[in-house]
Amino acid sequence: MKVKKVEQALSRLQDFPRNPYVFIWYITKGFRRLYIVEVLLSFLLSYSKIIVQVIFAAMVAWFGSITPESFSWTTAGWYLGGILLTFMTTHITRYYREITVKNKIRARMTRRMKESALSYLSGHSAAYLAEQKAGQLAAKVASGASQLNNFSHYISRMTSNTWILLISFYYIGRANLWFLPLVVLTGCLSAYLSFRTGKAVLDAEKAVIDAKTGVEGELADGLSNVLLVKMFGQSGAEKQKIRHGLNKLYDANVNSAYVRMNRLSWQRVIMLAFRIGGAFLALWLWQAGRIDMEAFVLTMMLLESTLACFQRFLDDLIGLQRVTGGLSSSLEPLAVPHGIVDAKAAKTLKVKQGAIEFRNIEFGYSERKKLFADFSLSIKAGEKVGLVGQTGSGKTSLINLLLRSYEVSGGEILIDGQNIKNVTQSSLHQNIGIIPQENTLFHRTIRQNIAYGNPKATNKAIYAAAKDACADGFIENLPCGYDSMVGEKGIKLSGGERQRVAIARAILKDAPILILDEATSALDNEVEAEVSQGINNLIQGKTVIAVAHRLSTLKAMDRIVVLDRGKIIEEGTPDSLIKKGGKYAKLWKLQTS
């Protein structure tokens with residue numbers, strides 16, 4: 001239950017942590033005790049490795065002190081049994097740590113990374129998302145999840161190596177304290193080198209991640225619009241963009257490899273000096289009678305394992321810095337603050353009637369030029385209002401403001417007297433159905449795309465919605481019927497077929513407020529007449545805002561509002577406006593003549 005609450009809190013992130021360490025601390029909330037368990041198991045594993053060396057050194061010393069005649073199988077059995085028991089304990093402990101602890105930590109971290117990142121990205125405004133490359137954002141999320149998995153891996157290995165070093169220091173110090181200054185000096189030099197060159201490693205890895213996600217973003221953008229690329233004969237230009245990105249990635253990888261190898265080379269020089277110094281010191285102490293054969297063998301083995309452990313620790317430290325740099329790069333676009341956020345005390349929108357009021361609103365896409373200034377429009381509950389006007393008159397902008405895709409700079413928008421700034425965006429969107437001009441479908445089955453309006457809908461309800469949208473005919477003629485895949489963005493369907501699926505989706509949602517944004521623009525006249533009947537059934541009892549250039553689609557509207565540069569210049573019923581002979585009448589005459 002506690003873990004579920006944490007995950008719910010993560011999904012409601014208002015500010016995504018920028019610092020990778022802060023983010024890791026935040027995302028491990030609820031299962032940090034598993035890290036404590038892993039630390040304890042790592043200690044047991046590390047101690048087991050050292051114990052094997054201790055037993056082996058004692059056995060070698062025993063062999064050196066006896067003759068074949070004095071050999072005892074009982075004593076040898078005790079040594080071998082101790083080694084065997086230690087190996088068995090190590091195997092069981094390692095299996096438990098890998099299966100029960102490490103895998104759980106990594107799986108939970110990567111799952112939470114994806115869930116929280118995707119949830120946070122979906123909270124951005126439409127204006128922000130329209131400026132981003134979906135493929136690049138997806139690549140950043142995937143890269144961040146991978147980096148988190150690697151982070152856990154390096155932390156686990158560094159914990160084990162730290163225990164081995166500490167336990168080795170203890171036994172080396174017991175053999176002779178002269179070894180400790182050598183070990184400490186080597187450790188300090190290695191640590192200094194690691195931190196000295198750490199920023200270069202981080203910058204190099206960040207450049208690799210940026211270049212990689214850039215290429216993936218360009219590739220996804222090109223593939224998702226491959227038909228457009230072919231129609232305009234721009235395959236060469238797209239290849240050139242990808243080639244440029246790949247060259248940038250190649251240079252970043254080469255530089256990263258150079259920085260890492262330069263660092264490793266210096267570390268290996270330090271390790272070589274440590275190996276030679278340790279060997280000479282051990283021989284000198286043994287010759288001087290300061291250590292016996294058992295201590296000599298154990299110390300030489302521990303110095304060698306300490307050397308290897310040092311090397312692994314520093315390699316992992318480099319890897320950890322690379323992962324941190326990659327994670328930092330992945331978090332950058334995710335940590336952009338939301339432009340439009342729910343108020344702290346935001347309530348759930350409750351729509352009982354569906355009255356809409358734009359009250360003295362002000363809005364502009366730039367500070368210098370305002371589209372709406374002191375604009376007001378009231379739509380009664382259950383009223384059907386059509387918005388008419390030339391491109392740039394403000395029709396679509398009003399819809400975007402109602403959906404809070406953009407925020408008004410002044411005034412307020414009310415639904416049943418509730419300011420939409422004071423309600424949650426999710427409840428706002430749940431109460432508004434929309435049939436847009438450009439319909440986007442998921443690369444899923446037709447059944448799943450229609451049911452997106454109401455995931456709990458039965459097959460019977462799905463079929464009824466498809467019938468009302470005049471989509472059942474073409475769907476049933478498809479090879480797999482409702483289980484046919486539509487392709488990415490619905491590419492396997494025609495424009496009219498995509499439109500009818502979108503209409504069926506809106507019918508199934510059955511929201512009290514409905515927006516029709518050129519809902520039948522992709523249909524021919526014959527199909528439009530059929531679909532219009534389904535739309536007419538859909539709009540009964542709902543508050544409707546319809547945007548259309550084809551004025552014949554607005555016949556069923558109670559009122560027409562004619563806009564021009566963010567101002568209402570005419571309004572009334574379709575017939576009254578035709579009789580008035582104004583702007584609407586001229587547009588009507590142009591389309592019917």
Side-chain angles (χ1 to χ4, degrees), residues 124-131 338-343 346 349 351 354-381 383-425 428-429 431-438 513-519 521 543-549 551 554 557-574 577 580 582-584 586-587:
H124 276 297
S125 65
Y128 171 81
L129 293 174
E131 297 175 358
H338 287 160
I340 299 175
V341 298
D342 290 341
L349 176 65
V351 180
I356 302 171
E357 182 180 1
F358 297 87
R359 182 184 294 174
N360 308 119
I361 67 168
E362 293 187 5
F363 173 75
Y365 290 101
S366 65
E367 294 182 0
R368 295 181 180 180
K369 188 176 180 180
K370 287 187 176 181
L371 176 59
F372 297 112
D374 197 27
F375 177 92
S376 295
L377 173 64
S378 294
I379 302 173
K380 298 176 183 179
E383 187 179 15
K384 284 74 178 169
V385 174
L387 300 181
V388 176
Q390 295 179 338
T391 302
S393 61
K395 306 183 302 296
T396 302
S397 297
L398 277 180
I399 291 174
N400 286 332
L401 291 173
L402 179 62
L403 293 169
R404 286 195 75 190
S405 298
Y406 296 90
E407 202 80 281
V408 293
S409 55
E412 55 186 0
I413 301 174
L414 308 172
I415 296 179
D416 282 349
Q418 303 163 82
N419 191 329
I420 64 173
K421 280 189 175 182
N422 298 329
V423 301
T424 62
Q425 295 177 68
L428 173 67
H429 297 151
N431 284 283
I432 300 176
I434 183 169
I435 304 176
Q437 180 178 3
E438 296 180 2
I513 297 172
L514 181 64
I515 296 174
L516 306 175
D517 187 6
E518 299 285 357
S521 62
T543 303
V544 179
I545 299 177
V547 175
H549 287 99
L551 302 184
L554 300 177
M557 297 296 105
D558 300 321
R559 179 163 51 121
I560 301 296
V561 175
V562 183
L563 299 173
D564 183 34
R565 298 180 183 179
K567 296 180 179 180
I568 299 174
I569 59 173
E570 290 180 355
E571 61 178 315
T573 64
L577 291 179
K580 186 177 181 181
K583 182 72 172 180
Y584 183 83
K586 291 179 181 179
L587 293 173

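Index from 1, following the sequence.
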Mind running side chain to side chain contact (heavy atoms under 4.5 Å, CB included) on Ile513 and Asn431 for me, showing each step along the way?
CA-CA 6 Å; Ile513 297 172; Asn431 284 283; 5.5 Å; no
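- A pairwise comparison of heavy atoms in Leu402 and Ile413 identifies CD1-CG2, 3.9 Å as the closest pair.
- Legend: residues meeting side-chain contact (heavy atoms from CB on, under 4.5 Å) with Glu357, ordered by chain and number and at least two apart, are Arg359, Ser378, Leu414.
- In this structure, CD1 in Ile515 is found 10.0 Å from CG in Leu398, a value given to the nearest 0.5 Å.
- To the nearest 0.5 Å, the span separating CG on Asp342 from CZ on Arg404 amounts to 6.5 Å.
- Every residue two or more places apart in sequence or in another chain that forms a side-chain contact (heavy atoms from CB on, under 4.5 Å) with Ser376 is listed here: Asn360.
- Heavy atoms only, all atoms of each residue included: Lys421 and Val408 are closest at NZ-O, 3.6 Å.
- Between Thr543 and Gly354, the shortest heavy-atom contact is OG1-O, 2.7 Å.
- A distance of 6.0 Å or more separates the ring centres of Phe375 and Phe363.
- Put simply, the side chain of Val547 reaches to within 4.5 Å of the side chain of Leu387, judged on heavy atoms.
- Taking both residues in full, the closest heavy atoms of Leu514 and Ile434 are given as CD1-N, 4.3 Å, listed atom of the first, atom of the second, then distance.
- To the nearest 0.5 Å, the span separating CD1 on Ile568 from CG on Leu377 amounts to 4.5 Å.
- Other residues, nucleotides and ligands place no more than 12 heavy atoms under 6.0 Å from the CD atom of Gln390.
- Taking 4.0 Å as the cut-off between side-chain N and carboxylate O, Glu362 and Lys370 count as a salt-bridged pair.
- For Glu383, the side-chain contact (heavy atoms from CB on, under 4.5 Å) partners are Ile379, Lys380, Val385, Asp558, Arg559, not counting sequence neighbours.
- Nearest approach of Gly582 to Glu570, heavy atoms of both residues: CA-OE2, 3.0 Å.
- Atom CD1 of residue Ile545 and atom CD1 of residue Ile399 lie 6.5 Å apart, to the nearest 0.5 angstrom.
- Distance CD1/Ile569 to OH/Tyr584: 13.0 Å, rounded to 0.5 Å.
- Atom CG of Leu554 is separated from atom OG1 of Thr573 by 12.5 Å, given to the nearest 0.5 angstrom.
- Nearest heavy atoms, Leu428 versus Ile420: CD1-CG2, 3.9 Å.
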